[in-house]
Amino acid sequence: MRVCVFSSKPYDELYLRPALADACELLFLPVHLNSHTASLVEGAVGVCCFVNDDLSAGVIEVLAKSGIQFILLRCAGFNQVDLNAAKKAGIFVARVPEYSPYAVAEHAVGLILALNRNIHRAHNRVREGDYSLQGLMGFDLHGKTVGVLGAGKIGRAFCKIMQGFGCTVLICDPNVDVNTQLPGQLVDFPTLMQQSQIVSLHCPLTPQTRHIINAQTLALMPPRAMLINTSRGALVDTPAVIDALKSGRLAYLGLDVYEEEGDLFFEDLSNQVIQDDVFARLTTFPNVLITAHQAFFTHEALARIAEVTHHNLCAFIQGDPHSAHLVGE
């Protein structure tokens with residue numbers, strides 16, 4: 001039984017092969033799954049995909065015609081999947097609902113610290129023999145108000161870390177009951193935006209949250225605020241954020257995700273001209289720090305992804321797909 005692993009990198013093979021090789025034949029493919037590469041699944045019964053693979057209706061139709069019976073997502077998010085098309089085609093979709101909430105939460109904190117204390121700029125100065133401090137001044141995190149959008153496991157882990165710094169934590173999550181014990185104060189979204197010097201996004205991408213950070217919501221933030229996004233790129237209206245950076249309304253921006261990252265992240269484009277003008281503009285700001293979707297990238301997280309993917313695969317093999325972590329169930 002063959003499973004095609006799309007968007008494969010050496011580290012994927014390092015963790016997935018030992019975990020899955022006893023259950024199936026693995027074909028590791030470095031290309032993204034899309035309408036041009038879907039024909040590569042010929043002879044396979046399943047595919048294993050990542051965040052930037054295209055699992056739209058047209059691609060799923062090709063997969064179904066090729067005999068694909070299941071899709072294993074090695075990620076938590078599934079906004080890249082047309083679930084209606086998969087259901088119609090009789091293709092089961094399973095995911096890794098959690099791997100290491102600490103990995104993403106700690107990365108978000110790392111972005112805050114680096115931006116606040118200008119560590120990325122200081123590092124470059126020292127390498128060039130410039131030991132001056134002008135322009136590198138930061139602020140104490142202690143006593144600041146941090147707003148957290150999303151109270152899932154990652155969001156809660158992040159809240160606890162920020163409380164450790166002595167921050168006041170505000171949380172907005174419409175899916176959380178008001179009586180739930182949280183590591184912070186539950187507030188509505190406008191209140192969170194108005195009162196937080198730092199806002200960190202930890203919510204899924206849904207029709208309701210798409211571009212939840214836009215010109216109107218950015219205008220609610222205090223002057224010289226910080227925005228951090230380690231969740232989903234499309235939560236942020238990037239042109240609106242650029243305008244806020246240019247006006248000084250937003251003084252710090254830390255991103256690990258980007259709405260149009262599919263043709264950028266996880267690839268070495270150092271010898272190419274970046275064709276995305278919006279992204280290229282973002283990289284010109286000294287107060288913007290971007291990492292290429294690496295918040296999940298820890299040993300513990302990759303080991304957990306391999307473990308859960310193995311569990312999902314075995315569930316399909318044993319004829320019990322509903323014991324897998326099916327999307328939508």
* **Asp82 versus Ala57, closest heavy-atom pair with distance** => OD2-CB, 3.5 Å
* His107 ring center near Phe296 ring center (under 6.0 Å) -> no
* Nearest-0.5 Å distance, OG1 of residue Thr145 to CD of residue Gln197 -> 5.0 Å
* **Shortest non-hydrogen contact between Val146 and Ser196, atoms and distance** => C-OG, 3.9 Å
* Within the side chain of Ser66, is there an N or O that forms a donor-acceptor pair under 3.5 Å with the backbone of Ile68? -> no
* Asked: How are the rings of Phe279 and Tyr258 set relative to one another: parallel (under 30°), tilted (30 to 60°) or perpendicular (over 60°)?
  -> tilted
* Asked: What distance separates Ile228 CD1 from Leu255 CG, expressed to the nearest 0.5 Å?
  -> 8.0 Å
* Should we count CD of Gln134 as having more than 12 external heavy atoms under 6.0 Å? -> no
* Asked: His311 vs His325 aromatic rings, parallel, tilted or perpendicular, using cut-offs 30° and 60°?
  -> tilted
Could you list the donor-acceptor pairs under 3.5 angstrom formed by side chains in residues 213-223, with sequence neighbours left out?
residue, atom, partner, partner atom, Å
Asn214, OD1, Gln216, N, 3.0
Asn214, OD1, Thr217, N, 3.0
Asn214, OD1, Thr217, OG1, 3.3
Asn214, ND2, His211, O, 2.9
Thr217, OG1, Ile212, O, 2.9
Thr217, OG1, Asn214, N, 2.8
Thr217, OG1, Asn214, O, 3.2

* Do Pro183 and Ile171 come within less than 4.5 Å of each other through their side chains, counting heavy atoms only? -> yes
* Flag side-chain contact, heavy atom, 4.5 Å: Met193 against Cys172 -> no
* Asked: Taking Asp256 for the side chain and Gln294 for the main chain, is one N or O donor matched with an acceptor at less than 3.5 Å?
  -> yes
* To do: Without swapping roles, check the side chain of Glu98 against the backbone of Lys153 for a donor-acceptor pair under 3.5 Å.
  => no
* Counterpart residues, ring-ring contact (aromatic ring centres under 6.0 Å, His included), relative to His120 (two or more places apart) -> none
* NZ/NE/NH1/NH2 to OD/OE distance under 4.0 Å, Glu42 and Lys65 -> no
* Asked: Do Val51 and Phe265 have side chains that get closer than 4.5 Å, going by heavy atoms?
  -> no
* To do: For Met1 and Leu313, run side chain to side chain contact (heavy atoms under 4.5 Å, CB included): C-alpha distance rounded to whole Å, both residues' side-chain angles, the deciding distance at 0.1 Å, then the answer.
  => CA-CA 11 Å; Met1 184 180 69; Leu313 174 62; 4.0 Å; yes
* To do: Evaluate the criterion side chain to side chain contact (heavy atoms under 4.5 Å, CB included) for residue pair Arg224 and Tyr252; output intermediate values, then yes/no.
  => CA-CA 7 Å; Arg224 300 196 56 75; Tyr252 309 88; 4.3 Å; yes
* His202 side chain to Ser231 side chain, donor-acceptor N/O pair below 3.5 angstrom -> no
* Asked: Do Lys88 and Glu61 sit within salt-bridge range, that is, some charged N less than 4.0 Å from a carboxylate O?
  -> no
* Asked: Step by step, would you call Asp12 with Phe50 a side chain to side chain contact (heavy atoms under 4.5 Å, CB included)?
  -> CA-CA 10 Å; Asp12 292 309; Phe50 199 43; over 6 Å; no
* Structure fact -> Tightest non-hydrogen contact, residues Leu264 and Asp276, listed as CD1-OD2, 4.4 Å
* Asked: Does OH belonging to Tyr102 count more than 12 external heavy atoms closer than 6.0 Å?
  -> no
* Between Val81 and Val327, does a side chain to side chain contact (heavy atoms under 4.5 Å, CB included) hold up when you go through it step by step? -> CA-CA 10 Å; Val81 185; Val327 173; over 6 Å; no
* Exam field: side chain Arg121 to backbone Gly135, donor-acceptor pair closer than 3.5 Å -> yes
* Indicate the ring-plane relationship of Phe266 and His293, choosing parallel, tilted or perpendicular according to the 30° and 60° boundaries. => tilted
* Around Asp263, counting heavy atoms of other residues, nucleotides and ligands shown, do more than 12 lie under 6.0 Å from its CG? -> no
* Do the side chain of Ser8 and the main chain of Val5 share a donor and acceptor less than 3.5 angstrom apart? -> no
* **Donor-acceptor pair, side chain of Asp130 and main chain of Ser132, under 3.5 angstrom** => yes
* To do: Determine whether Ile242 and Phe285 make a side-chain contact, defined as any pair of heavy atoms from C-beta on separated by less than 4.5 Å.
  => yes
* To do: Measure the CG-OG1 distance between Leu29 and Thr37 for me, rounded to the nearest 0.5 Å.
  => 8.0 Å
* Below 4.5 Å, heavy atoms only, C-beta onward: do Leu205 and Arg210 meet side chain to side chain? -> yes
* Asked: Ignoring hydrogens and geometry, is there a side-chain-to-backbone donor-acceptor pair from Asn287 to Ala251 under 3.5 Å?
  -> yes
* To do: Indicate yes or no: at least one non-hydrogen side-chain atom of Arg74 is less than 4.5 angstrom from one of Cys48.
  => yes
* Assess whether atom CZ of Arg249 is packed by more than 12 heavy atoms of other residues, nucleotides or ligands within 6.0 Å. => yes
